[in-house]
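What follows is a set of notes on a single structure, which appears directly below.
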Amino acid sequence: MRDLRQGPMPAPETLPYQSVSLQPYTVGHTPQTQTRQADTESVRYPYRQTDEDRLRQELSALEIRHGDDHPETLSTLFNLSKVLMDQGRYGSAGEMIRRVVEARQKVNGNDDKGTVEALNLLGDLLYIQGSYAKAESLHRQAFESSRRILGHEHPSTLISMSNLALTYQAEGRLKEAEELGVQVVETMKRVLGHEHPDTLKSMDCLASIYRAQGRLNKDEELGVQVIETMARVLGYERPYMLTTTVSPVDAYYEPRQVEEPEELEL
């Protein structure tokens, strides 16, 4: 999943129609479809290459000027990690995110917004690689910390709840996933409004939980609401088979994929 508040929305016609598996999302992060393929660090990744080059230059300068644990250095390292994730370079991204997590925890502790974001992103990586128990632990920690420092209804807290709900779904804990998913949808509607992109995303995630439960009528009902709202608010129109693995919101925002994603060492 992805925080839909970040960045401009791409034009629908530039994105290929594809079935995707829902992934957790974090602040500013775009998910990838789940896969487990061999490490291919030597492969060229043209997608977001300009962003990667720029961030590597900035990171090098900041490390020299401020040191490894300076907030600006860690922020740039975090952003570079997200770019590498978008490229499918999970091994390299994982090393960087772990570095951010360790530094944030050492300097600021667990109850820090930067730490929460890093924990969520590392949880996303572990989820993508199928390590659901470890992903659950990180997303739960991020959720509890976010709730303490930002409050139960803060968008970042709700994003962490969504991450945890989707991890429960992947683990087959569908009742718990549904309970969290319903809380997120209801709170986002109240706090952000029915037409906010994050609200639509939370509805889409809840629909996927219903689908996993075999409750296809509930899945379709929510899916129709999401598509109709997207068409009205975003001007986005494209037919979807609502009872399949297709996620209309994910397909709208899904980035270009690399052919051979890099394995993350757990």
Side-chain angles (χ1 to χ4, degrees), residues 1-31 33-34 124 127 139 143 152-170 172-255:
M1 292 179 61
R2 162 186 180 172
D3 180 359
L4 301 181
R5 294 169 295 165
Q6 301 294 321
M9 294 179 292
E13 62 271 18
T14 66
L15 299 175
Y17 174 81
Q18 56 187 317
S19 297
V20 297
S21 60
L22 288 172
Q23 306 294 344
Y25 69 134
T26 190
V27 177
H29 170 234
T30 305
T33 51
Q34 184 173 335
D124 290 356
Y127 181 104
H139 286 314
F143 165 59
H152 190 79
E153 296 187 346
H154 191 279
S156 293
T157 304
L158 297 175
I159 286 171
S160 295
M161 284 183 68
S162 290
N163 289 342
L164 189 56
L166 286 177
T167 307
Y168 283 158
Q169 177 186 343
R173 298 162 63 180
L174 300 181
K175 182 62 176 177
E176 294 168 277
E178 179 190 350
E179 290 173 355
L180 276 184
V182 169
Q183 288 182 50
V184 172
V185 169
E186 291 178 348
T187 306
M188 282 196 171
K189 284 182 177 179
R190 184 175 68 255
V191 175
L192 301 177
H194 289 243
E195 297 181 346
H196 191 280
D198 279 354
T199 303
L200 296 178
K201 187 64 176 181
S202 70
M203 293 170 62
D204 190 52
C205 292
L206 180 57
S208 80
I209 295 171
Y210 287 144
R211 183 163 59 250
Q213 293 174 329
R215 300 164 66 183
L216 300 185
N217 288 337
K218 295 283 289 183
D219 167 33
E220 181 173 359
E221 179 183 346
L222 273 182
V224 167
Q225 291 180 40
V226 170
I227 291 176
E228 289 180 346
T229 304
M230 288 176 70
R232 182 177 65 257
V233 177
L234 305 176
Y236 180 54
E237 298 181 4
R238 184 175 292 178
Y240 287 91
M241 298 173 60
L242 298 179
T243 57
T244 70
T245 59
V246 175
S247 161
V249 182
D250 268 336
Y252 184 85
Y253 290 99
E254 188 71 11

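Shown here for A212 and L174, the closest heavy-atom pair between the two residues is O-CD1, 3.6 Å. Nearest heavy atoms, A177 versus A165: CB-O, 3.3 Å. Shown here for Q169 and C205, the closest heavy-atom pair between the two residues is OE1-O, 4.5 Å. In terms of heavy atoms, E178 sits closest to L206 at O-CD1, 4.2 Å.
Within the 4.5 Å cutoff, no side-chain heavy atoms of E221 are placed close to those of M203. In this structure, the side chains of L164 and L180 come closer than 4.5 Å at one or more pairs of heavy atoms. Counting heavy atoms from C-beta outward, V226 and M230 have side chains that approach closer than 4.5 Å. L158 places none of its side-chain heavy atoms less than 4.5 Å from the side chain of S202. Within the 4.5 Å cutoff, no side-chain heavy atoms of S162 are placed close to those of K201.
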Between T229 and H194, is a side chain to side chain contact (heavy atoms under 4.5 Å, CB included) present by the stated rule, with each step listed? CA-CA 9 Å; T229 304; H194 289 243; over 6 Å; no
| message | With side chain to side chain contact (heavy atoms under 4.5 Å, CB included) as the criterion, how do D204 and L222 come out once you've worked through the C-alpha distance, each side chain's angles and the decisive distance to 0.1 Å? | response | CA-CA 7 Å; D204 190 52; L222 273 182; over 6 Å; no
- For T199 and V185, run side chain to side chain contact (heavy atoms under 4.5 Å, CB included): C-alpha distance rounded to whole Å, both residues' side-chain angles, the deciding distance at 0.1 Å, then the answer. CA-CA 6 Å; T199 303; V185 169; 5.5 Å; no
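Here E195 pairs with R232 under the side chain to side chain donor-acceptor pair (under 3.5 Å) rule; sequence neighbours left out. Residues satisfying the side chain to side chain contact (heavy atoms under 4.5 Å, CB included) test with E186, not counting sequence neighbours, are V182. Applying the side chain to side chain donor-acceptor pair (under 3.5 Å) criterion to T157, with sequence neighbours excluded, gives S146. Considering only residues two or more places apart in sequence or on other chains, E153 meets the side chain to side chain donor-acceptor pair (under 3.5 Å) condition with R190. Shown here are the side chain to side chain donor-acceptor pair (under 3.5 Å) partners of E228, two or more places apart in sequence or in another chain: there are none. Taking E176 as the reference, R173 meet the salt bridge (charged side-chain N to carboxylate O under 4.0 Å, His left out) condition, with sequence neighbours excluded. The side chain to side chain contact (heavy atoms under 4.5 Å, CB included) check on H152 picks up F143, R147, M161, Q183, with sequence neighbours excluded.
Taking CG of L166 as the start and OH of Y127 as the end, the distance is 5.5 Å to the nearest 0.5 Å. Between Y210 atom OH and K218 atom NZ the span is 4.0 Å, to the nearest 0.5 Å. Once rounded to the nearest 0.5 Å, the distance linking OH of Y168 with NZ of K175 reads 14.0 Å.
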